[in-house]
Amino acid sequence: QVQLVESGGGSVQAGGSLRLSCATSRLSSYCMGWFRQAPGKEREGVATIKTPDGRTYYANSVKGRFTISQDRAKNTLALQMNSLEPEDTAMYYCAAESRDLCGSLRPAFRYWGQGTQVTVSS
């Protein structure tokens, strides 16, 4: 069982930055990631990281603006979000998975946090 608790969400103007954090009971043995879901839309993958080697994957919509990272000593996952746009407004979820789902960015992970809200105003 992996417990995940997100923090760091909030409201920001377009062009601003936020840093999300995910505290875990333990880092997943293979893949962790950030996903988001806007009202009326399906949940989508934002960024994932293979915990053994740190390889990262990003949705095209956030490449160059968002950075996912892990701190293995503290069992935490982070998402640095820069140049935020109103289209980034969503509930953001941290997730963990022992299968190799990192590259697909599919929201089929086994363990999920409760989410943290990010709102970007124009």
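Just so you know, these numbers use all the heavy atoms, side chains as well, and skip hydrogens, waters and symmetry mates.
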- [ ] Treat each ILVMFWY residue as a node, draw an edge where side-chain heavy atoms are under 4.5 Å apart, and state whether V120 and Y92 are in one component.
- [x] yes
Task: Side chain to side chain, L77 and I49, heavy atoms closer than 4.5 Å - done: yes
Task: Donor-acceptor under 3.5 Å (T24 side chain, Q3 main chain) - done: no
Open item on the list: When you compare the side chain of Y30 with that of K50, does any pair of heavy atoms fall below 4.5 Å?
Closed with: yes
Open item on the list: Do Y111 and C94 make a side-chain contact, defined as non-hydrogen atoms from C-beta onward lying under 4.5 Å apart?
Closed with: no
TODO: Decide whether a cation-pi geometry holds between R43 and Y93; the criteria are a distance under 6.0 Å from NZ or CZ to the six-membered ring centre and an angle within 45° of the ring axis.
DONE: yes
Open item on the list: Using every non-hydrogen atom in the two residues, find where A96 and M32 come nearest and quote the distance to one decimal.
Closed with: CB-CE, 4.1 Å
- [ ] Grab the two heavy atoms, one from W112 and one from R110, that are nearest each other, plus how far apart they are.
- [x] CD1-O, 3.8 Å
Task: Trace of the side chain to side chain contact (heavy atoms under 4.5 Å, CB included) decision for Y58 with I68 - done: CA-CA 9 Å; Y58 295 94; I68 188 172; 3.5 Å; yes
Open item on the list: Keeping T48 on the side-chain end and L105 on the backbone end, is there a donor-acceptor pair under 3.5 Å?
Closed with: no
Task: Check: Q37 side chain, K41 main-chain N or O, donor-acceptor pair, under 3.5 Å - done: yes
Open item on the list: When you compare the side chain of Q13 with that of P86, does any pair of heavy atoms fall below 4.5 Å?
Closed with: no
Open item on the list: Ring centroids only, cut at 6.0 angstrom: are F109 and F35 within range, meaning strictly under it?
Closed with: yes
Task: T119 side chain to T89 backbone, donor-acceptor under 3.5 Å - done: no
TODO: Compare all side-chain heavy atoms of V118 with those of L20 and state whether any distance is below 4.5 angstrom.
DONE: yes
Task: Student check: side-chain heavy atoms of L79 and T67 closer than 4.5 Å - done: no
Open item on the list: Could you tell me if N82 and S17 have a donor-acceptor pair between their side chains, going purely by distance under 3.5 Å?
Closed with: yes
Task: Side-chain (E6) to main-chain (Q114) donor-acceptor, under 3.5 angstrom - done: yes
TODO: Before giving the answer on side chain to side chain contact (heavy atoms under 4.5 Å, CB included), spell out for V62 and R36 the whole-Å C-alpha distance, their side-chain angles and the decisive distance to 0.1 Å.
DONE: CA-CA 12 Å; V62 306; R36 67 186 182 187; 4.1 Å; yes
Task: Which atom of A78 lies closest to which atom of R19, heavy atoms considered - done: CB-NH2, 3.5 Å
Task: Considering all heavy atoms, the nearest A90-Q117 contact - done: O-NE2, 3.4 Å
Open item on the list: Return the CG to CE distance between L18 and M81, rounded to the nearest 0.5 Å.
Closed with: 4.5 Å
TODO: Check the pair S25 / V2 against side chain to side chain contact (heavy atoms under 4.5 Å, CB included), numbers first and verdict last.
DONE: CA-CA 6 Å; S25 54; V2 178; 4.1 Å; yes
Open item on the list: Looking at Q70 and R72, would you say the former's side chain and the latter's main chain have a donor-acceptor pair under 3.5 Å?
Closed with: no
Task: Note, T76 side chain near S21 side chain (heavy atom, < 4.5 Å) - done: no
Open item on the list: So, taking the atom named CG in D71 and the one named SG in C22, what distance separates them when rounded to the nearest 0.5 Å?
Closed with: 12.5 Å
TODO: Please answer whether the main-chain N or O of S61 pairs with a side-chain N or O of R65 as donor and acceptor at a distance below 3.5 Å.
DONE: yes
